[in-house]
Structure formats: C-alpha cells, structure tokens
**Q** 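If you scroll down you'll find the structure; I have some questions about it.
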Amino acid sequence: LKEEEDVEAEMAPQKKRKDVKPERRIAIIVPYRKEMLLDDIEGQNREEHKRKFTNYMRKYVDEMKTYAKANNDILLEVDMYIMEQEDDSKKFNRGALLNAGYDIAMKKHNYASIIFHDIDILPYVQMIPFYLRALQLDIYQKPFLHLTYKMPRYAKDESYLGGVLLVHSSFFNRING
C-alpha cells in the first residue's frame with residue numbers, strides 16, 4: 001500500500017454552543033488503484049474517477065455538514081481516506097484496502113461509523129439523509145446499511161455488498177473486517 005492520501009474535507013472550525021449536540025465524525029474510506037489497462041475503455045479511467053470523486057465529494061461533504069447542522073443540530077466532521085494499491089502486478093484487493101483504511105482511520109479518530117465508498121459513484125444530494133444514517137447505526141439493531149443495493153448495476157446480484165456501505169465500527173471489529 002502507498003501512504004494513504006488523506007483528503008480531509010473539513011470546514012473552518014465552528015464555535016460550539018451549549019445547545020449544540022457534540023461533534024460527530026464519519027470516515028469515508030475509498031479503495032483505489034490506477035489500472036493502466038482500463039484507461040482506454042470509456043468510463044473506466046480510474047485516475048479520472050479519482051479526480052472527479054475528490055472534487056465532487058469536497059462539495060458533497062459541505063452539503064452533508066450543512067444538512068446535519070440544519071436538520072439534526074449536529075456539528076459534523078468528515079474525513080476521507082483514499083487507499084491506493086501499489087502497481088504490484090497483483091489483482092486489485094478491495095478488501096485489503098478497506099481493512100487497511102479502517103485501521104488507519106481508527107488510529108486517527110474513534111469513529112462510531114465508517115462509510116466504504118467506491119470511487120466511481122457520485123451520490124445525489126438527495127442521498128444526504130441516507131449518508132447521515134451512519135450516525136444512527138446501532139451495533140445491535142442495524143449495524144450496517146447498503147446504500148447501492150437498488151442501483152441497476154448492483155440489483156441483479158443480491159449477494160453483492162459493495163458500492164456504498166455504511167458500517168458501525170464495533171460491528172466491523174466484531175466480524176474482523
């Protein structure tokens with residue numbers, strides 16, 4: 001693994017008031033690998049996906065923070081980790097990248113929830129309330145939420161668990177990644 005690219009999407013510090021709920025943190029972990037063989041296939045250029053994703057998600061995270069404050073009175077912080085696999089001639093190992101990203105993120109902050117996110121998915125603004133459900137995950141009631149299971153490209157395979165997945169960190173620890 002290369003050193004993770006910490007794409008922190010944080011707004012200027014805000015003053016905390018007594019009537020504001022404590023700050024909450026979400027980590028977004030994104031597995032990534034530049035695959036030269038895919039570059040010439042339309043829609044498969046991972047480097048272009050990475051550029052679009054990071055630019056788009058900076059704005060999206062700002063929208064998430066605004067929504068969390070306006071609708072839930074929560075001061076939200078979101079940290080993004082793009083985990084890049086080296087060009088080691090091995091197959092792309094999404095699971096290893098997600099596990100490594102989780103370990104790095106948890107050493108930095110004690111996140112209650114993590115969002116595992118594919119780099120080629122740009123969420124609609126209307127999805128913000130669903131993304132913020134990461135703050136409501138309960139280890140005993142609903143320890144994870146699969147946000148992309150209804151998307152046409154994933155709906156054909158009910159066993160697929162990818163795209164965008166919100167996970168309670170205690171559950172992730174319990175199943176050992």
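Note that the structure is a prediction, hence the values are computed from the model and not measured.
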**Q** Could you give me the CA-CA distance, side-chain angles and deciding distance for Tyr131 and Tyr60, then say whether ring pair (Phe, Tyr, Trp, His ring centres under 6.0 Å) is met?
**A** CA-CA 11 Å; Tyr131 275 66; Tyr60 194 79; 5.4 Å; yes
**Q** Going through the checks in order, is the side-chain contact (heavy atoms from CB on, under 4.5 Å) test met by Met57 and Val78?
**A** CA-CA 10 Å; Met57 289 303 284; Val78 179; over 6 Å; no
**Q** Mind listing the closest non-hydrogen atom pair of Arg133 and Leu166 along with its distance?
**A**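 Closest heavy-atom pair between Arg133 and Leu166: C-CD2, 4.0 Å.
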**Q** Would you indicate whether the side-chain heavy atoms of His117 and Pro123 approach each other to under 4.5 Å?
**A**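 Answer yes - side chains close enough.
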**Q** What distance separates Asn93 CG from Leu98 CG, expressed to the nearest 0.5 Å?
**A**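 Nearest 0.5 Å value for the CG-CG distance: 9.0 Å.
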**Q** I need the Phe53 CZ to Leu122 CG distance, nearest 0.5 Å.
**A**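 That separation rounds to 7.5 Å.
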**Q** Got a second to check how far His109's NE2 is from Glu23's CD, nearest 0.5 Å?
**A**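 So the NE2 of His109 and the CD of Glu23 are separated by 8.0 Å.
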**Q** Hey, mind stepping through Asp118 and His49 against side-chain contact (heavy atoms from CB on, under 4.5 Å) and telling me if it holds?
**A** CA-CA 10 Å; Asp118 284 359; His49 288 165; over 6 Å; no
**Q** Over 60° means perpendicular and under 30° means parallel, so classify the ring planes of Phe116 and Phe172, tilted if in between.
**A**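 Because their plane-to-plane angle lies in the 30° to 60° range, the rings of Phe172 and Phe116 count as tilted.
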**Q** Taking all non-hydrogen atoms of both residues into account, name the closest pair between Val164 and His146 and its distance.
**A**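 For Val164 and His146, the tightest heavy-atom pair comes out as O-CD2, 3.5 Å.
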**Q** What closest approach, in Å, do Gln85 and Lys91 show between heavy atoms, and which atom pair accounts for it?
**A**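 Smallest heavy-atom distance, with atoms named: NE2-O, 3.1 Å.
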**Q** Should Phe92 and Leu97 count as side-chain neighbours, where that means a heavy-atom distance under 4.5 Å?
**A**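 In contact.
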**Q** Nearest 0.5 angstrom please: Arg33 CZ to Glu84 CD, how far?
**A**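 Between atom CZ of Arg33 and atom CD of Glu84 there are 9.5 Å.
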**Q** Closest heavy-atom contact between Ile29 and Ile114?
**A**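 Closest approach of Ile29 to Ile114, heavy atoms only: CD1-CG2, 3.6 Å.
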**Q** Walk me through it: do Glu47 and Lys50 pass the test salt bridge (Lys or Arg N to Asp or Glu O under 4.0 Å)?
**A** CA-CA 5 Å; Glu47 198 166 314; Lys50 180 179 170 185; over 6 Å; no
**Q** If every non-hydrogen atom of Tyr111 is compared with every non-hydrogen atom of Ala105, which pair is closest and at what distance?
**A**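 In terms of heavy atoms, the two residues are closest at CE1-O, 3.2 Å.
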**Q** Where do Arg58 and Asn55 land on the side-chain contact (heavy atoms from CB on, under 4.5 Å) test, with the steps shown first?
**A** CA-CA 6 Å; Arg58 282 187 183 100; Asn55 289 336; 3.5 Å; yes
**Q** When rounded to the nearest 0.5 angstrom, what is the spacing between OH in Tyr32 and CD1 in Ile119?
**A**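 With rounding to 0.5 Å, OH (Tyr32) is 6.5 Å from CD1 (Ile119).
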**Q** Nearest 0.5 Å, please: how far is CE in Met83 from OH in Tyr102?
**A**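 The OH atom of Tyr102 sits 14.0 Å away from the CE atom of Met83.
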**Q** Take Leu76 and Lys69 through the test side-chain contact (heavy atoms from CB on, under 4.5 Å) and record every step on the way to the result.
**A** CA-CA 7 Å; Leu76 178 66; Lys69 179 73 175 117; over 6 Å; no
